[in-house]
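Note that this is a predicted model, so its numbers are computed, not measured.
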Amino acid sequence: AKDFGVAVFDNASDAVAGAALWLLAVNPQVMRHVCNDLSAVAKSSKPLVVSIAAGITATQLQRWLGGDASIIRAMPNTPALLGAGVTGLYANAHVSAAGRTDAEGLLASAGKTVWIGDEALMDSVTAVSGSGPAYVFLLAEAMEAAAKAEGLDDGAARTLVLQTILGAARMLTESDEAPAELRERVTSPNGTTQAAIEAFQHGGFEALVAGAIAAASERGRQLSAAND
């Protein structure tokens, strides 16, 4: 409120008064309580409800809010803080074309948006992009530690790793080529990159990534069941 002049309230009912779109950005564990408190207002005002909560389904939100609520599930990621995020969106059958446009316009302010037709795939969206920045941070952490172990000082290690990740990300997003093609271009036969790639693959890199994303997807389903 101090920095941006936005209105703040002590309770949700005051916050949504007169609002046509509700953005529910709370922890999954408290979403049911928030919705129950707002159910009477939701039934009378019939707002477009946009939820940012991993593992909470549109069916659950509709049941907690009551009636035939128009629900959009959104799963952004933390690069949204820089306007470089990506958000997966799913709309239930009660959302109009105008509602889709409004929600997309809202989330597009934080980066790109992708519509998902099957709500069951929202757990996969969470696993790939919602949690995905942490995977990149983990890689950066490991690369930086390895660089220091090779003898590089802290400053050099950090700059080399971060700029490498930034440059690679730009090549991926600004090129029409597939990741495999870009990787092959950097990998000279019998060179240093090939040696590193083979070490990754011998360690089961691809299977490890697939297992990690599957584990995150399963956790999303568990969150849904735990909050039902």
Side-chain angles (χ1 to χ4, degrees), residues 52 54-55 73-90 104 107-224:
I52 301 177
R73 287 184 60 188
M75 180 45 60
N77 57 9
T78 52
L81 294 167
L82 307 176
V86 63
T87 302
L89 295 168
Y90 167 80
E104 185 171 354
L107 276 303
S109 64
K112 293 184 179 296
T113 58
V114 177
W115 283 101
I116 306 299
D118 182 357
E119 185 178 10
L121 294 176
M122 285 298 288
D123 290 321
S124 299
V125 171
T126 302
V128 173
S129 61
S131 301
Y135 314 156
V136 178
F137 302 152
L138 180 63
L139 175 62
E141 184 182 353
M143 288 178 64
E144 191 172 334
K148 293 175 185 177
E150 289 290 324
L152 293 168
D153 65 53
D154 291 2
R158 182 171 179 78
T159 299
L160 288 168
V161 170
L162 298 191
Q163 288 302 124
T164 296
I165 291 174
L166 175 62
R170 287 192 58 185
M171 290 183 71
L172 283 166
T173 56
E174 296 176 14
S175 170
D176 293 330
E177 297 176 273
E181 294 175 348
L182 293 171
R183 173 180 56 78
E184 290 170 1
R185 186 189 302 171
V186 180
T187 309
S188 302
N190 299 316
T192 59
T193 306
Q194 181 176 325
I197 294 296
E198 288 178 349
F200 276 127
Q201 293 175 331
H202 288 161
F205 182 78
E206 290 91 342
L208 190 62
V209 172
I213 290 177
S217 295
E218 176 59 25
R219 182 55 179 155
R221 290 186 283 272
Q222 291 172 356
L223 284 172
S224 176

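Screening residues 189-212 for side-chain hydrogen bond (donor to acceptor under 3.5 Å, both in side chains), with sequence neighbours left out, gives Gln194-Glu198, Gln201-Glu206.
Here the closest non-hydrogen pair linking Gly88 and Val125 is CA-CG1, 3.9 Å. Residues Asn77 and Val86 share a closest heavy-atom pair of OD1-N, 3.2 Å. Pro133 approaches Ser129 most closely through the heavy-atom pair CD-O, 3.1 Å. Residue Ala140 comes nearest to Val161 through the heavy atom pair O-CG1, 3.7 Å, listed as atom of the first residue, atom of the second, then distance. Across all non-hydrogen atoms, the minimal contact from Asp123 to Gly55 is OD1-CA, 4.1 Å.
Glu150 CD: 12 or fewer foreign heavy atoms inside a 6.0 Å radius.
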Item to complete: Take Ile213 and Tyr135, measure what side-chain contact (heavy atoms from CB on, under 4.5 Å) needs, and give me the verdict at the end.
Response: CA-CA 10 Å; Ile213 290 177; Tyr135 314 156; 4.2 Å; yes
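Not a single donor-acceptor pair under 3.5 Å links the side chain of Ser175 to the backbone N or O of Leu172. Remark: the backbone N or O of Leu160 is paired with a side-chain donor or acceptor of Thr164 at under 3.5 angstrom.
One distance of note links OG1 of Thr173 with CZ of Arg170; it measures 7.5 Å at 0.5 Å rounding. The structure places CG of Asp153 at 8.5 Å from OG1 of Thr159, a figure rounded to the nearest 0.5 Å. Note: Thr87 OG1 to Lys112 NZ = 12.0 Å, rounded to the nearest 0.5 Å. Distance check: Arg183 CZ to Met171 CE gives 13.5 Å after rounding to the nearest 0.5 Å. Here the straight-line distance linking atom OG1 of Thr113 with atom CD of Glu104 works out to 3.5 Å at 0.5 Å rounding. Taken from CD in Glu218 to OG in Ser124, the straight-line distance is 11.0 Å, to the nearest 0.5 Å.
A salt bridge is defined here as a Lys NZ or Arg NE, NH1 or NH2 lying under 4.0 Å from an Asp or Glu carboxylate O, and Lys148 with Glu144 meets this definition.
Applying the side chain to side chain contact (heavy atoms under 4.5 Å, CB included) test to Leu139 and every residue at least two apart in sequence or in another chain returns Met143. For Phe137, there are no ring pair (Phe, Tyr, Trp, His ring centres under 6.0 Å) partners, not counting sequence neighbours.
At a threshold of 4.5 Å between non-hydrogen side-chain atoms, the residues Leu121 and Tyr90 do not count as touching.
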